Amino acid sequence: MLLLFSLLLQQQFTNAGAMFRRWGYSWDSDFHDIDLFSDRYDTETTTLSQAIRAAATEEPDADGSVLFGSIKGTVVGLRYYTGVVNRGEMVGLVREPQNPYDRNAVKVVNVFGQQVGHIKKELAAAMARIMDNNQAKVEGVVFSGTNNSFSMPVALSFWGQEEVKENVTKTLAQHGFKLETGVRGASGSGGGYQETYSRGIPKKGVTVLLTDEELKNAFDNLFEGLMESKDGEKEAADVVSTPLLPHQKQALSWMCARENKSGLPPFWEKRGDLYYNSLTCFSSKDVPERVRGGILADDMGLGKTLTTIALILTNFHQGKPLPVEKTEKSSPTKPLVKTSTKAPQIQPEVSSTDDVVLVGASVPSNIPQMEVVCAEDAPEVVVIEDEANKKSRKGKKKAPKRKNSKGSVALMDSLDFAAALTGSTSNTGQKKMKSDTNTSGDSNIPQCPEDPSATATLIVCPLSVLSNWLEQFEQHVSVNVKLNMYLYYGAERNRSQKFLSSQDVVITTYNVLSTDFGNKSPLHKINWLRVVLDEGHFIRNPNTQMSKAALELKASRRWILSGTPIQNSVKDLWTLLAFLRLKPFDVKEWWNRVIQRPVLRGDRTGLQNLQTLVKYITLRRTKTSEVNGRPLVVLPEKTVFVEQVELSPEERAEYDLAKSEGQNTIRRYVAEGSVLKNYADILVILMRLRQHCCHPDLPTKTSSEPGSGATAAELRERLIDKLRLVLASGSDEECSVCLDSVRFPVITHCAHVYCRPCIAKVISTEDQRARCPLCRSEIRPNELVEVPAEEEEAGTNTKQWRTSSKVQALMGNLLRLRLEDQSIKCLIVSQFTRFLTVLETPLRAEGFSFVRLDGSMTQKKRAQVIQEFQSDASDSPSIMLLSLKAGGVGLNLTAGSHVFLMDPAWNPATEEQCIDRCHRLGQKKNVVVTKFIVKDSVEEKMVEIQKKKQELVSKAFGATNSSQKSSRIDDIKTLMEMAI
DNA sequence: ACCGCCGGGTGCC
DNA sequence: ACCGCCGGGTGCC
């Protein structure tokens, strides 16, 4: 518990100050939590909750464990089971407490979960004790074959926490088994047993450990250079009205090939009649089911959405284009307004013209041949086609109803195994039915036929990019084409399975998906032709409902779109592979054994294997990638200026006062040695100073002089303060349950912020005591604290507005720009939403028309604001006030060409990301970025430290844990200008 | 299973 | 014959 706590703090710390993280890629060397940046544009985890979530989902059994040792055991009863193993094959050990003959039974299964036999009872007795007490995980390798059909030897290795090693060794000894400790102890993919029992195992090379630096570099490059496939280019179907760029044609070609072409997945080879996996040594008579789909991991701005749309339209069954109805002469002006089944009242905020009903501004009004229906309870936009057309097309594309046997069988296999591994049910009764799939005749790799009744594509995306998808479909599909699209969203969504599966495209959000999941979700009943997970890293944590819901979707083709497939560690990849059903790694156990643990331990072979896997399924190009010596995309130039700002004497006085107060507090913490423990408070101090740099009225006066022994009322007050601070900081804190911006924010006694409905759900679903999803401390429903209602929008209005040096600096720039070129649009970015509010006053005074985008806005509002800003109408706003983290990635703000970063972010990557929202595909003008930095202030120090750390990154990685810690303290001292 | 083990049959060679 | 030895039955947990 204590360990976890300090872990969280460290992680928190590391994140809030990204500069720390860069340089210490491994914040605790024991955990080897490698910071994986897929490239330099990639983001580090940037919000506190992300960081905490990363730490909280730490899987102790996979990383923290050490190898206790290995023993030789015997697998018996082979003749009763059909599961086969090859020499060197990994096997799973599954407890079978319900076995009628022996409560201690441990069964042995192969990679596909087929039972091979049992562990001999004497050893099983010992193992049962260890396994049931969760003291160790046992892994088996059949290191040599057998010369009879009754039993065979198996190498068993025991893994677990160092603390219980002694215990496990003793238990085994009591049963007469001696744990052999490998020569090298806990290292390498095979661990000790490979050392001990290596004779007879196919030579895969001795485990070579990588240095930390090599490992780091390897991860940096994991997703690089994946455009080697010479698939050439493919033209999109002619109904795609936007011409694809060369790299998009390549991507389309690759995606079509991945969906259509047969071929063995990596590590599988054909050996005679059998298919053999060289990693697990498993072999099977059946062709391993290949993955139809993969990860499109192009940088943002390269057109993943467009490419995916092209894929949907271009590659239907048998490589033919999606059959769509074309109208010769479209009359785009008069689509019908159609009401959904329940006679919806049209919401007042919906703009309604004669012809069309629109929700927000996210769907342009000229959608030809589509009806736009506003369901009750917007923000949803419902796009459906009219009845007559639907019918006409129905008749055309007849879909024979044939059951997809192959796919479902394979799925069941993996589920079976998953169940078997958890030991929940043990059905030894039924014999394995013989698999008769006769595929071995052909010399070619046989191809599993696709379910011809599966015709619809499901797109799952975060709410924030939903409107973008709709717009892109709108924009890139010919006007005379009718596409059946349905936005599965909102309370009135049509849950008819028949209706949904008859669409060409269904779009929904992760939230809807997970809400529906387990609630007789129609989405999960449909056999989709294709499922696309946009921003697929949303499912990187396999424990979330969202991820579970995504994994359960049935589809013959599966795609993940993500600019950042790895955010923190290899662990992020598992859910992705599991979603893609990349066997056998869709079963966590095998993933852990074959990939994750070896890689986290720095095993070169493990890393190579991972690279092979990733390469097999991924296409990634960055903005700097080149095709045939030419850059993928030629973007206009980008220039970054830093503008120093000097504080006025009054501002300086206020700033210095806050600084010396903060210094005193920190000095106390340093003296107590409790700097890290009070890190949250220190962040608050730093934040105040940063706010002072922007505007003297930003820092909120809080009542607290933090003391440890607080009364309940004081505690409550402090929590409210903290919550207020989090919300006011403009950091767009996300709720770790729904992973969206927090709505109806509440803070727990352990100081974590959630949406009230989300955490309420957690509490109600937990049987016994509910625990905080982030830190696992106990939470009670009546202890959730929220900001008192009357306070919500107080503060800034009370006082007379005043200016600040930074405001002046900005206004000077804006006025000058307006004189130079009327058409220039600007993004004004701050981390503090209150600062954005402050800025509104002078903007209005000077007659600028502006819009604002921050985390507190509903999706509908955001879409509307973005479209207004992007519009080239002469009366469109020329300025967008943007909260640094609002909206996340994927926003397209190319109308803007000048970016003003009002305050430095801890994480330069966040700034970079923000700039990229306008410096991306579609930007026509040169981009000019101005960063305001207050002279002689914490802002300068932040920049300084960022630079220093970045230099360190490029030099060495050898920092020890303790030196990291002391450096953090040094950093704080630097930031606070305190003598060391 | 070309084993080990069990238990019944058997008992100089 | 309260043994040894032989050979058949048998065999995961």
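All values derive from a computational prediction rather than experimental measurement. In the text below, chain A, chain B and the rest are named by the order of the sequence lines, each starting its count at 1.
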[atom1] atom, [N] versus [M]: distance in rounded Å?
| N | M | atom1 | answer |
| --- | --- | --- | --- |
| dC2(B) | dC13(C) | C1' | 26 Å |
| dA1(B) | dC6(B) | C1' | 15 Å |
| dG4(B) | dG8(B) | P | 23 Å |
| dG9(C) | dC5(C) | P | 22 Å |

Give the rounded distance in Å between these two atoms: [atom1] of [X] and [atom2] of [N].
| X | N | atom1 | atom2 | value |
| --- | --- | --- | --- | --- |
| Asn104(A) | dC12(C) | CG | P | 17 Å |
| Asp102(A) | dC12(C) | CG | C1' | 10 Å |
| Leu78(A) | dC3(B) | CG | C1' | 15 Å |
| Lys121(A) | dC12(C) | NZ | C1' | 8 Å |
| Glu122(A) | dC12(C) | CD | P | 13 Å |

Point to revise | Chi class for dA1(B): syn within 90° of 0, otherwise anti | key: anti
**Study point:** Tyr101(A) (side chain) and dC12(C) (base): donor-acceptor pair under 3.5 Å
**Key:**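 It does not, because no donor-acceptor pair links the side chain of Tyr101(A) to the base of dC12(C) below 3.5 Å.
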Review point. Watson-Crick or G-U wobble partner for dC3(C), using a 3.5 Å limit on both distances?
Key: dG11(B)
Exercise for review: Would you please determine if the base of dG11(C) is stacked by Phe150(A), with stacking meaning a centroid separation under 5.5 angstrom and planes under 30 degrees?
Suggested key: no
Exercise for review: Give a yes/no verdict on base stacking between dC12(C) and Tyr80(A): centres under 5.5 Å, planes within less than 30° of parallel.
Suggested key: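 Tyr80(A) vs dC12(C): stacking yes.
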Point to revise | Distance below 4.0 Å between Arg79(A) side-chain N/O and dG11(C) OP1 or OP2 | key: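 No, no such contact exists.
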Exercise for review: Salt-bridge test for Glu163(A) and Lys165(A): reply yes if a basic N is under 4.0 Å from a carboxylate O, no otherwise.
Suggested key: no
Check your understanding: Can Val291(A) and Lys583(A) be said to form a side chain to side chain contact (heavy atoms under 4.5 Å, CB included), step by step?
Key -> CA-CA 9 Å; Val291(A) 177; Lys583(A) 285 166 191 274; over 6 Å; no
Exercise for review: Count the heavy atoms of every other residue, nucleotide or ligand shown that sit under 6.0 Å from NZ of Lys548(A), and state whether that count exceeds 12.
Suggested key: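 Count over threshold, so yes.
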Exercise for review: Identify the two heavy atoms, one from Leu533(A) and one from Ala550(A), that lie closest to each other, and give their separation to 0.1 Å.
Suggested key: CD1-CB, 4.2 Å
Exercise for review: With Arg271(A) as the cation and Tyr276(A) as the aromatic partner, state whether NZ or CZ is under 6.0 Å from the six-membered ring centre and within 45° of the axis.
Suggested key: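 Pair Arg271(A)/Tyr276(A) counts as cation-pi.
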Review point. Base, sugar-phosphate, or nothing for Ile119(A), non-hydrogen atoms under 4.0 angstrom?
Key: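 Sugar-phosphate, backbone atoms only, no base.
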